[in-house]
Amino acid sequence: MNRGARVIPRPQKTWLLALPVLAILLWSVVYPNAAVIAGSFENGLGHWREFAASRSEREALTTTLIISFASVVASLLIGVPLAFLLGRFEFPGRRILRAVATLPAALPPLVGVIAFLFLYGESGLVTRGIQRSLGLLEAPWRLTGVWAIIFVHAYTMYVYVFLFVSAGLERFDTTLEEAAAGLGASSWQRLRRVTLPLLMPAIAGSMLLVFMTALGSFSAPYVFGGGIRVLSTQIVASKINGELGLAYVETTVLAISAVAGLALFRWLERKRKYTSAGKGSATRRVIQSRRAKVMALTLAVITVLILVLPHLMVVLVSFARDGTWTTQVIPPEYTLENYRRLFSEPQLWRPIANSVSMALIATAANVVVCFVAAYLIVLREFSGRRLLEILVALPWAIPATAIALGLAATFNQNDLATARLLIVGTFWILPLAYFIRDIPLVATAVEGSLRQMDPSLEDAARGLGASWWLTMRRVVLPAARPGLVAGALLAAVTAVGEFVASVVLYTHANRPISIEILAQLRALAFGTAAAYSVLLILLVLVMTLTARTLEERIA
Amino acid sequence: MTAGALALEGVTRRFGDHTAVDDVSLDIAAGELLALIGASGSGKTTTLRIVAGYEVPDAGRVVLDGRDITALPPQKRGFGMVFQHYALFPHMPVEDNVAFGLEARGIPKAKRLDRARKALESVGLGSAGKRGIQSLSGGEQQRVALARALVIEPQVLLLDEPLSNLDPTLRQTTRDDLRAMLHRVGVSALFVTHDQEDAFAIADRIAVIRRGKLLQVGTPEELYDRPASLGVARFIGRSTILPAEPVTGGEGRAAVTIGGIKREFSVMRPPSAKSTSRELRVVLRPDALDLLPVGADGAWTGEVATRRFAGGNAVYRVKMADNIMMEVESRAMSVREGEKVGVGVSREPLPVVEAEAE
């Protein structure tokens with residue numbers, strides 16, 4: 001009955017845990033971003049005037065917003081129908097379609113982009129194939145500009161919508177629809193008045209995720225931009241040009257857009273918040289008519305093909321001899337040389353070792369800090385709790401480019417008085433950036449697990465005489481474990497393929513795989529770039545499987 | 001197992017400007033089973049949590065065998081506690097759950113598992129040690145929680161609504177089993193409940209709490225027959241409560257008027273009631289009333305509204321004059337709804353209490 005009001009007799013102990021975590025978060029998350037905002041005002045409103053006066057800057061802002069909203073719409077148009085189709089209907093090919101529907105999310109951002117380049121770029125396989133078969137003189141399309149970016153975004157980001165809506169449908173209490181039907185509502189009325197409103201929180205949540213990802217997206221505009229400007233690429237350009245003040249303004253504008261988006265979609269989510277008592281039941285309608293069956297199967301096959309093609313393409317190109325694929329539809333020469341070189345040439349091996357070790361370091365830090373933070377947020381009642389909650393969620397609202405620029409601006413000198421350390425230009429800057437980016441991911445996962453725990457378990461353990469440490473080890477940690485494993489896995493996967501923050505902060509010594517892929521691409525060494533990409537996909541796969549077996553063995 | 005004597009002395013706990021527990025003093029003798037009973041939000045669970053050590057009172061002391069333990073953290077008190085939803089560790093098998101308190105005391109594995117098995121045997125679950133918590137029924141979970149609390153040989157056992165999650169049939173038998181078991185173990189126990197049937201069946205004494213204040217402590221009979229206040233009279237048992245006027249010259253007597261017909265009865269005032277100047281209420285229990293023929297000596301007249309069969313007797317709700325509804329328990333079984341009947345007092349003295357401002 002008083003499960004909410006938990007007052008702990010020893011607040012000192014809570015603060016003993018909370019203070020270091022708060023200090024780390026304030027120092028690594030808040031401080032750099034505050035420095036960026038302060039930097040944008042370093043000569044009063046000078047940099048802001050510069051930004052406002054420049055046509056290209058204003059254009060970058062509008063283009064960024066247009067792309068972000070269009071990505072949301074495109075992801076909805078793919079994700080929602082697909083979730084309904086797979087969640088509500090039984091048809092030939094459903095299982096395989098379900099299995100590959102989330103595949104795009106398994107591609108590290110840059111890898112997805114280059115796969116699209118190999119497929120649909122001017123000299124891509126599909127483009128050339130169509131050009132040849134129709135006997136055209138020129139490529140039927142050019143994969144550049146706003147449309148290209150939205151196309152790539154839709155492919156990678158619809159997965160969020162699909163997953164959120166699928167989960168919503170799974171929890172959905174279908175008796176509500178049956179009740180509506182019993183009251184005489186047509187299927188369209190049921191969808192519009194019952195089903196969609198109840199799914200709104202899930203839809204809004206996924207829209208927010210797509211919006212934030214699209215807003216901070218860097219790889220697609222960077223590779224396919226073709227002269228158009230968006231904020232994330234402008235920031236990097238300004239930094240390279242030495243116009244730091246302007247870069248600070250651009251970063252602040254990007255962050256403000258992110259926060260505005262966050263507020264907008266959260267409002268949408270809150271407006272429609274229901275607690276459903278439904279258990280949900282997964283009854284799928286079997287498609288009966290022969291024609292519909294054939295149509296569904298054809299559609300499923302085409303969709304599966306579109307979804308799997310990028311992966312297959314990257315694998316194919318990874319065996320192509322560098323420099324041989326020029327005007328042919330498919331690469332003409334195949335070799336194992338690319339892979340052999342990755343493992344034998346120190347220069348090529350280095351990025352792999354870098355990425356793996358930096359991802360592990362960042363993930364280890366995430367696990368410790370986020371576990372303590374989640375523990376404090378879920379199971380302790382203290383005055384700093386709300387602040388901690390905000391700090392933990394903050395990196396999520398800040399685009400990666402902004403985080404990277406903040407770090408570059410702050411940790412570029414040793415100065416104890418202002419708590420600055422010289423980390424920029426060292427190996428440690430990238431693990432730090434990865435750590436910050438993944439804080440919300442790991443913390444949310446652990447919080448989720450801890451919230452499922454009955455809080456009186458901790459009381460029960462203490463009442464039975466267990467020390468704080470024994471309670472932690474035998475009760476709280478086992479309860480947090482599923483979230484810890486899942487969160488750590490996600491963090492490691494994101495970190496190992498990270499590109500956006502890396503491109504701002506890397507040095508030659510700690511260059512990660514993503515940066516090396518870009519370098520190989522620039523050198524037209526498509527085979528090597530693709531081999532790296534395949535390796536990245538394999539790394540993600542291995543980590544996922546390891547985490548899963550680990551979890552099964554313990555459980 | 002040595003039972004401890006527990007005392008609360010002027011315990012107060014505030015949450016903001018809400019006083020959840022207000023100056024509560026209470027003694028539990030060694031080996032006594034005491035029920036703390038109150039409606040939800042009355043402060044009973046907060047009181048229990050203060051005794052357990054999960055809450056620290058803003059004022060007052062918790063004393064065990066003469067020793068002040070107010071500031072002692074829960075893990076140092078050595079009390080056993082059965083939580084409302086049992087709080088069994090879902091990731092441990094039954095025996096690890098029961099042995100956990102022994103693990104916390106550094107007892108070697110073989111020995112603690114042995115003791116856990118014995119504890120499980122004592123609650124009739126001797127073979128359930130390897131089972132998972134999720135595979136247990138509600139009643140089994142309750143018994144595992146009890147075994148876990150008792151295996152550490154606590155001086156005091158605390159139970160938070162121990163029966164509220166059981167279905168009605170199971171609840172009946174568990175009440176009796178629980179009382180027998182606690183007496184056999186010889187532990188002092190404090191348990192909170194909102195259900196007076198639970199309290200009557202298990203406890204030696206019952207403390208009634210309302211809005212954070214302790215209203216009365218006594219045996220079930222005392223609370224039923226001699227409620228100290230209107231609050232207790234209303235909370236414990238069923239009753240019809242009517243205004244009563246003191247009879248001048250007749251100490252220990254009072255008059256009750258229904259529909260203009262005044263009758264005099266011998267009454268019993270609670271010892272706490274001092275002056276005669278305050279308004280009085282008489283507490284008419286269903287079993288202190290009876291159905292009589294219409295016009296019988298000393299009876300008021302009414303009409304039977306509903307009738308409920310209750311084994312050897314029947315409970316009638318009778319609509320009287322002045323819109324008064326009286327509940328009457330009678331061995332007269334043949335009276336039907338809609339019949340005119342007489343209602344009279346069959347047992348005196350009647351308890352009276354002081355009226356309270358609502």
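Every chain is numbered from 1 and lettered A, B, ... according to where its sequence line falls, protein lines coming before strand lines. Note: hydrogens, waters and symmetry copies are ignored here, and every other heavy atom, side chains too, is used.
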Part of B:Leu88 within contact of chain A (heavy atom distance under 4.5 Å): backbone
Checking side-chain hydrogen bond (donor to acceptor under 3.5 Å, both in side chains) for the pair B:Gln141/B:Asn165: CA distance, chi angles, key distance, verdict? CA-CA 10 Å; B:Gln141 290 192 14; B:Asn165 284 307; over 6 Å; no
Has the side chain of B:Lys44 got a donor or acceptor atom that lies under 3.5 Å from a matching backbone atom of B:His194? no
Region of A:Ala461 in contact with chain B, defined by heavy-atom distances below 4.5 Å: both
Any chance you could measure B:Leu8, atom CG, to B:Asp23, atom CG, to the nearest 0.5 Å? 11.0 Å
Please classify the contact between B:Arg77 and chain A as side chain, backbone, both or neither, with a heavy-atom cut-off of under 4.5 Å. neither
Please flag which part of B:Phe79 lies under 4.5 Å from any non-hydrogen atom of chain A: side chain, backbone, both or neither. backbone
Tell me whether the rings of B:Tyr54 and B:Phe83 are parallel (<30°), tilted (30 to 60°) or perpendicular (>60°). tilted
